[in-house]
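Presented below is the structure to which this report refers.
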Amino acid sequence: MSESAIRTRIAPSPTGDPHVGTAYVALFNYCFARKHGGQFILRIEDTDTARSSRQSEEAILSSLRWLGLAWDEGPEVGGPCGPYRQSERAELYRRTAGQLLEAGHAFRCFCKPDRLARMREEQKAAGKRPGYDGQCLSLSDSEVQSRLGHSEPFVIRMKVPREGTCVIQDLLRGNIEIAWDTVDMQVLLKADAMPTYHLANVVDDHAMGITHILRGEEWINSAPKHKLLYEYLGWSMPVLCHLPLLRNPDKSKLSKRKNPTSLLFYKRMGYLPEALLNYLGLMAWSMPNGEEKFSLNAMVQEFSLERISLGGPVFDLRKLDWLNGRWIREDLDDDQFAERVRQWALNERWALNERFLKQWGPLVRSRIAVLSDLGPLLAPFFSGIISITPELLLDGKLDRNAVSTGLALALDRIENVEWNKDEIEKMLRDVAAEMGAKLRDALRPFYVAITGSAVSVPLFDAMEILGRDLCRARLRHAREVLKH
RNA sequence: GGCGCUAUCGUCUAGGGGUUAGGACGUGAGAUUCUCAAUCUCAAAACCCGGGUUCGAUUCCCGGUAGCGCUACCA
């Protein structure tokens, strides 16, 4: 097989919010395909008609696009192996199931769900492995025909060897041995004539020429079913590579109960797609040179499956924040930053004035981890008079008298200052000197008066942008507050 | 319960038969700064346990333990 023949896929199921785990697996499939000049395919696995929704599908597609994981073939993009939505390929699965039936590799099962549920419970209670008991395996042809004649609902199950061992070859884990008697006679075609994952997945991976399956570790135990289907159908099996699962801080599989898992969340919080992708690339994978900040293209360049470590990585929001901050600081200039914020805000349904962004952007850029941190940082500058307390004003080293004096001095001089940050700084330095206070001590109440907090963007810049009128009003307000 | 996978600082990881086991996040201390960030310096912090193989194992093998996953007409 030539290297350019490599084809990988991501096959999300549109049954909920776009999951960060989907992006994670997509990233590795994308990098592997791109690295080897192959194709990366997106296929929608919507065979669960009850849970799948078009809305979910759209959210998944747009989220993956937002991240920059472009696929070569897929719904809306098209390609030679379409359609790429399993619900539109149902006929193919039915035909394949029919083939398996004819070849004696599968059988019709008329068992009612409640009997199966009871059976499983009894098996569990008896300490046995739950699994289909093979009741319909021995149905005679005439029995089957008669039940079909009565339109009894049925499913199609695959036959599975009762003894021996299946050896699964995993690219990273080597040979995995799984005894056949631990493999259930899996339903392939459901009563609604839709396929289960196992059938549809195998049929499509074959039909779409997938050469390498990189998927979550959770699939290891069902790999024998897939291998068996490939054998039954006389198809060659793609290379398997099971990726470690992303974990919650308590090490359980990443779940929304314990960790934000929706890509929509990360978008709304103001994580940059580059940063999120970069962080996912840090999960179980590392650059040969140890660099932690890298672009998608750089990851593609250096990608190799051998650099995947197998311990399940804990998804750590704090490190993501750090990385996102670095991307904001190091990879965007002031204009780009303003534009990103504008776009992000638009997505949140509020429009930010360009001039506003150009003014405040440089002051806040190094002070945020995610774009939504802008809210609290800039809120005081959306206001006229801000609410402050005497406690806040007197929180520093200066006493009430000194603070009052300082405010009065500034209020006095503010009128004669040329209104730019350098002159404002000079003026306040003079005030501090006159008070005999250190600059930092003298400035503290001014931070509170002007920005509402002792923790804020730089004071002189803020004053320049706010303008003389607002600053005067806020200083006066602070003086009033101190009197009470 | 059965089966499977995995195991290096709290977290992400590098490494690999002989290393002071490296880096990063976070934490603590300091420097710098108009506050806060950012930046810089320093510090504490790890090879799960027990057997083998070996002159020597954290590294290779086996067992244990632990964590996780799977055990549906969901994927």
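The sequence lines fix the lettering, A, B, ..., with proteins before strands; numbering per chain opens at 1. In what follows, every heavy atom counts, from backbone to side chain, and hydrogens, waters and symmetry copies are set aside.
Checking the phosphate oxygens (OP1, OP2) of B:C68, no side-chain nitrogen or oxygen of A:Arg247 falls inside 4.0 Å. Residue A:Arg51 has no polar side-chain atom (N or O) positioned under 4.0 Å from OP1 or OP2 of B:C73. Contact check, A:Ser309 against B:C12: no side-chain N or O comes under 4.0 Å of OP1 or OP2. When the side-chain nitrogen and oxygen atoms of A:Lys253 are compared with OP1 and OP2 of B:G67, none of them lie within a distance under 4.0 Å. Put simply, A:Arg129 has no side-chain N or O that comes within less than 4.0 Å of OP1 or OP2 on B:G4. Checking the phosphate oxygens (OP1, OP2) of B:U11, a side-chain nitrogen or oxygen of A:Lys251 falls inside 4.0 Å. One finds a side-chain N or O of A:Ser286 lying less than 4.0 angstrom from the OP1 or OP2 phosphate oxygen of B:A14.
The aromatic rings of A:Tyr232 and A:His105 lie parallel to each other, with less than 30° between the two planes, well short of the 60° mark.
Not one N or O on the side chain of A:Asn278 forms a donor-acceptor pair closer than 3.5 Å with the backbone of A:Glu274.
With C1' as the reference atom, B:G23 and B:U8 are 13 Å apart, rounded to whole Å. A distance of about 10 Å separates the P atoms of B:U27 and B:A37, rounded to the whole Å. Across B:C12 and B:C48, the matching P atoms stand 14 Å from one another, rounded to whole Å. Of the P atoms belonging to B:C34 and B:A21, the separation is 43 Å, rounded to the nearest Å.
Among the protein residues, A:Gly290 comes within range of no part of the nucleic acid, since none of its heavy atoms lies under 4.0 Å from any strand. Using a 4.0 Å heavy-atom distance criterion, A:Glu45 is classed as a sugar-phosphate-only contact. As judged by a 4.0 angstrom heavy-atom cut-off over every strand, A:Cys166 is placed among residues making no nucleic acid contact. Counting non-hydrogen atoms under 4.0 angstrom, A:Met283 reaches the backbone sugars and phosphates but no base. Among the heavy atoms of the strands, none lies under 4.0 Å from A:Ala50. Here A:Val155 lies in heavy-atom contact (under 4.0 Å) with a base. When heavy atoms are screened at a 4.0 angstrom cut-off, A:Pro113 is found touching base atoms of the nucleic acid.
Comparing A:Asn175 and A:His198 against RNA chain B, the residue whose closest nucleotide sits nearer the 5' end is A:Asn175. Judged by closest nucleotide on RNA chain B, A:Met287 is the one of A:Met287 and A:Ala191 placed further toward the 5' end.
For NZ of A:Lys293, the number of neighbouring non-hydrogen atoms (other residues, nucleotides, ligands) closer than 6.0 Å is greater than 12. Annotation: A:Glu163, atom CD; neighbour count of heavy atoms from other residues, nucleotides and ligands within 6.0 Å does not exceed 12. Residue A:Gln169 places its CD atom among 12 or fewer non-hydrogen atoms of other residues, nucleotides or ligands, all under 6.0 Å distant.
Atom-to-atom, CG of A:Asp114 to P of B:C73 comes out at 13 Å; the value is rounded to the nearest Å. Spacing between atom CG of A:Asn248 and atom P of B:G67 amounts to 16 Å, rounded to whole angstrom units. Look at OH on A:Tyr93: it is 11 Å from P on B:A75, rounded to the nearest Å. Residue A:Ile176 contributes atom CD1, which lies 7 Å from atom P of B:U6 at whole-angstrom precision. A:Asn278 places its CG atom 13 Å from the C1' atom of B:C25, with the value rounded to the nearest Å. In this structure, A:Arg43 atom CZ and B:A75 atom P are separated by 13 Å, rounded to whole Å. Rounded to an integer number of Å, the gap from NZ of A:Lys319 to P of B:C9 is 14 Å. One interatomic measurement links the two molecules: CG of A:Asp192 to C1' of B:C74, which rounds to 12 Å at whole-angstrom precision.
The closest side-chain donor-acceptor pair between A:Asp204 and A:Tyr93 falls under 3.5 angstrom.
A:Val155 is not listed as a side-chain neighbour of A:Thr196, based on a closest heavy-atom distance of 4.5 Å or more. Counting heavy atoms from C-beta outward, A:Asp334 and A:Arg365 have side chains that approach closer than 4.5 Å.
Considering only side-chain atoms of A:Ile220, the nucleotide from B:C5, B:G69, B:G1 that sits closest is B:C5. Here the side chain of A:Ser252 is nearest to one of B:C73, B:G69, B:C5, namely B:G69. Checking B:A72, B:C70, B:C12 against every side-chain atom of A:Pro130, the shortest atom distance belongs to B:A72. Of the candidates B:A75, B:G10, B:U6, B:G10 carries the atom nearest the A:Arg318 side chain, counting heavy atoms from C-beta on. Of the candidate nucleotides B:G69, B:A14, B:A75, B:A75 has the atom nearest to the side chain of A:Lys190. The side chain of A:Glu292 sits closest to B:G23 out of B:C73, B:A14, B:G23. In this structure, the nucleotide among B:A72, B:A14, B:C3 sitting nearest to the side chain of A:Thr182 is B:C3. Taking the side chain of A:Trp219 as heavy atoms from C-beta on, and the options B:A14, B:A75, B:C73, the nearest nucleotide is B:A75.
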Worksheet item: In B/S/- notation, 5' to 3', how is nucleotides 34-45 of chain B contacted by protein heavy atoms closer than 4.0 Å?
Response: BBBBSS------
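With rounding to the nearest 0.5 Å, the separation of CZ in A:Phe446 from CZ in A:Arg474 is 14.5 Å.
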